[in-house]
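What follows is a short report on a single structure.
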Amino acid sequence: MVRTRFAPSPTGYLHLGGLRTALYTYLYARHVGGKFILRIEDTDQEREVPGAIDKIYQSLRLAGLDYDEGPDVGGDYGPYIQTQRRDLYLPYAQKLIENGGAYYCFCTKERLDEARSEKEKKGETYKYDKHCLALTKEEAERRVAAGEPYVIRQNVPLSGKASFDDALYGHVEVDCATLDDNVLIKADGLPTYNFANVVDDHLMAISHVMRGTEYLSSAPKYNLLYESFGWTPPTYLHLPVVMRDATRKLSKRYGDPSFEDLMDKGYLQEAIINFIALLGWSPRSEREFFTLAELIEAFDLEGLSKAPSIFDMDKLTWFNGEYMRKLTPEAFFEKAEPWLQKALDPAKFDLKRVAELLHNRTDVLDQIPEMVDFLSEMPEFPVELYTHKKMKTNPDVALDALKKMRPVMAGIADWTEEGIHAGVMEAIARLGMKNGQALWPLRIAISGKANTPGGAIEIGYLLGKEETLARIDRSIAQLEA
RNA sequence: GACCUCUUGGUCAAGCGGUUAAGACACCGCCCUUUCACGGCGGCUACAGGGGUUCGAAUCCCCUAGAGGUCACCA
């Protein structure tokens, strides 16, 4: 039975690298019909951010990554929050002490810091010197009983190799001599990440662990622990980092967005998931659009990449635009409406029609307000906007055209797009004008912008007859000034 | 510094001993068009470098370079 887990620490928002790890973990589990579990790793009490756990639940739900077991859904292997499991780690550490895989350490922070800085001064790598390993069992137990602060350290052999087989990177092997006797149980009684992981993954019967490459070098050490316990290690698969550029990974510090930031900006959940899935995994075909269900179907370990990949916002935006266009007009309107209302008074404008005009021009929802704000208020604009080479227009042509079109517009009784279209086109033909030479100036005169959603007729309709005529008058005055 | 890992266009990437080295984003043209966008067509740009192995290397091996990761009572 395949059981995978996503095990974030509640230290803030769900960043995109984490989302991708969660996604792949989820996809793998679902693809093979296994279970996907959420576990919260909160053993570092100092770094914990209040509310972060709820953020994780929300983000995962928002992303559609439903988990079979977890703190807020229960399951047979709980609790799923490590601090709620605090008492269960010590006995395992003690078991390790019994068989020589670990030992008590009473060294003070001062002694260790001193030793460390001394080594660093000499440019050497610091390793704990196994000072407390020399203590007899009786001595150590006496000091523990006496209430002396202690930690429990892993007893790494001085020679030999430690290794494991990564499902992506293959066999990874290191000399034990280069490994440090890391702390398993901290002075506060809580396990360290390395230890909690091993114990919990075993207790929760996790079969496959996917996580970032930052853990790749510590993985061989895990196997030593599994060996000491006599447990079978899960299959590990380390995932390359998601980068912001060639040398730095994605990070909040540089303003890189989290999943929620993206959602707030008006990216679609489906687009983000689709894009993220393809960042480091390839279906090995030319297909690039996948729903979550289709990803589950297509996902496999073969398609994973070993090299880090750079998060390309342009491509995400393109994906998002494609997803926008796939929306039905109704669905698009529903999503666009809140953004339209930021710039337009619903009582004054036909928002549905505006949304239709915006539909295939919108890549990201947050672009909407600035695309339509000219409707609420006529912007100041330079007369150079009237100049368009292909339309063969300039301010002089425009003034002439506007003067001709003003009475035509005024005479249109049926102020619908059809009505305006009929009236305007008839006049253009009658006056022997070119479409572009009439319509371009008209659009500029009533919008004040080089680019607008919709042309002169659509904008005229949206503005209403009165406002349209008023804008034409003002623009004529501007040209005559 | 030590150990581990990675390296195909600006970016995502296919390729797994024989290909004109796909495709997508971005960019640049052209077409469509009352603007822009959409759409259509076309273009640009890559196997990090050097040695091997082989009849034949992007594909296998070694070295170099560059980049990343780890070296905590953080995860």
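A note on names: the letters A, B, ... follow the listed sequences, proteins ahead of strands, and every chain is numbered from 1.
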Report task. Determine the contact category for A/Val151: base if any of its heavy atoms lies under 4.0 Å from a base atom, sugar-phosphate if only primed atoms, P, OP1 or OP2 are that close, otherwise nothing. Result -> base
Report task. Could you work out which one of B/U35, B/C12, B/A26 sits closest to the side chain of A/Met391? Result -> B/U35
**Report entry** For atom CH2 of A/Trp281 and atom C1' of B/A14, their distance in whole Å
**Finding:** 13 Å
Requested in this report: Name the nucleic acid region contacted by A/Thr452, choosing base, sugar-phosphate or nothing; use a 4.0 angstrom heavy-atom cut-off, strictly under.
Outcome: base
Report task. Could you tell me the separation between the CD atom of A/Glu458 and the P atom of B/A37, rounded to a whole number of Å? Result -> 16 Å
Report task. Could you tell me whether A/Arg443 contacts a base, only the sugar-phosphate backbone, or nothing, with contacts defined as non-hydrogen atoms closer than 4.0 Å? Result -> base
**Report entry** Test: A/Asp44 and A/Arg47 ion pair at under 4.0 Å
**Finding:** yes
Report task. For A/Gly454, report the nucleic acid contact type (base, sugar-phosphate, nothing); a contact means any heavy atom under 4.0 Å. Result -> base
Requested in this report: Please tell me which of the listed nucleotides, B/U11, B/C73, B/G68, lies nearest to the side chain of A/Val241?
Outcome: B/G68
Query raised in the report: When you check the side-chain N and O atoms of A/Asn274 and A/Tyr323, is any donor under 3.5 Å from an acceptor?
Result: yes
**Report entry** Criterion side chain to side chain contact (heavy atoms under 4.5 Å, CB included) against A/Val242, the qualifying member of A/Leu279, A/Ile310, A/Leu16
**Finding:** A/Leu279
Query raised in the report: If we call it a pair only when both distances are under 3.5 Å in a Watson-Crick or G-U wobble match, what pairs with B/G18?
Result: B/C55
Requested in this report: Go through the side-chain N and O atoms of A/Asp181 and A/Tyr103 and say whether any donor and acceptor fall under 3.5 Å apart.
Outcome: yes
Query raised in the report: Taking atom C1' of B/U5 as reference, at what distance in whole Å does atom CE of A/Met243 sit?
Result: 13 Å
Query raised in the report: When the P atoms of B/C31 and B/G68 are considered, how many whole Å apart are they?
Result: 46 Å
Report summary line: In Watson-Crick or G-U wobble terms, with both distances under 3.5 Å, the base opposite B/A67 is B/U5
Requested in this report: Tell me what A/Leu190 touches on the nucleic acid: a base, only sugar-phosphate, or nothing, going by heavy atoms under 4.0 Å.
Outcome: nothing
Report task. Would you please confirm or rule out a distance under 4.0 Å between OP1 or OP2 of B/C4 and any side-chain N or O of A/Thr178? Result -> no
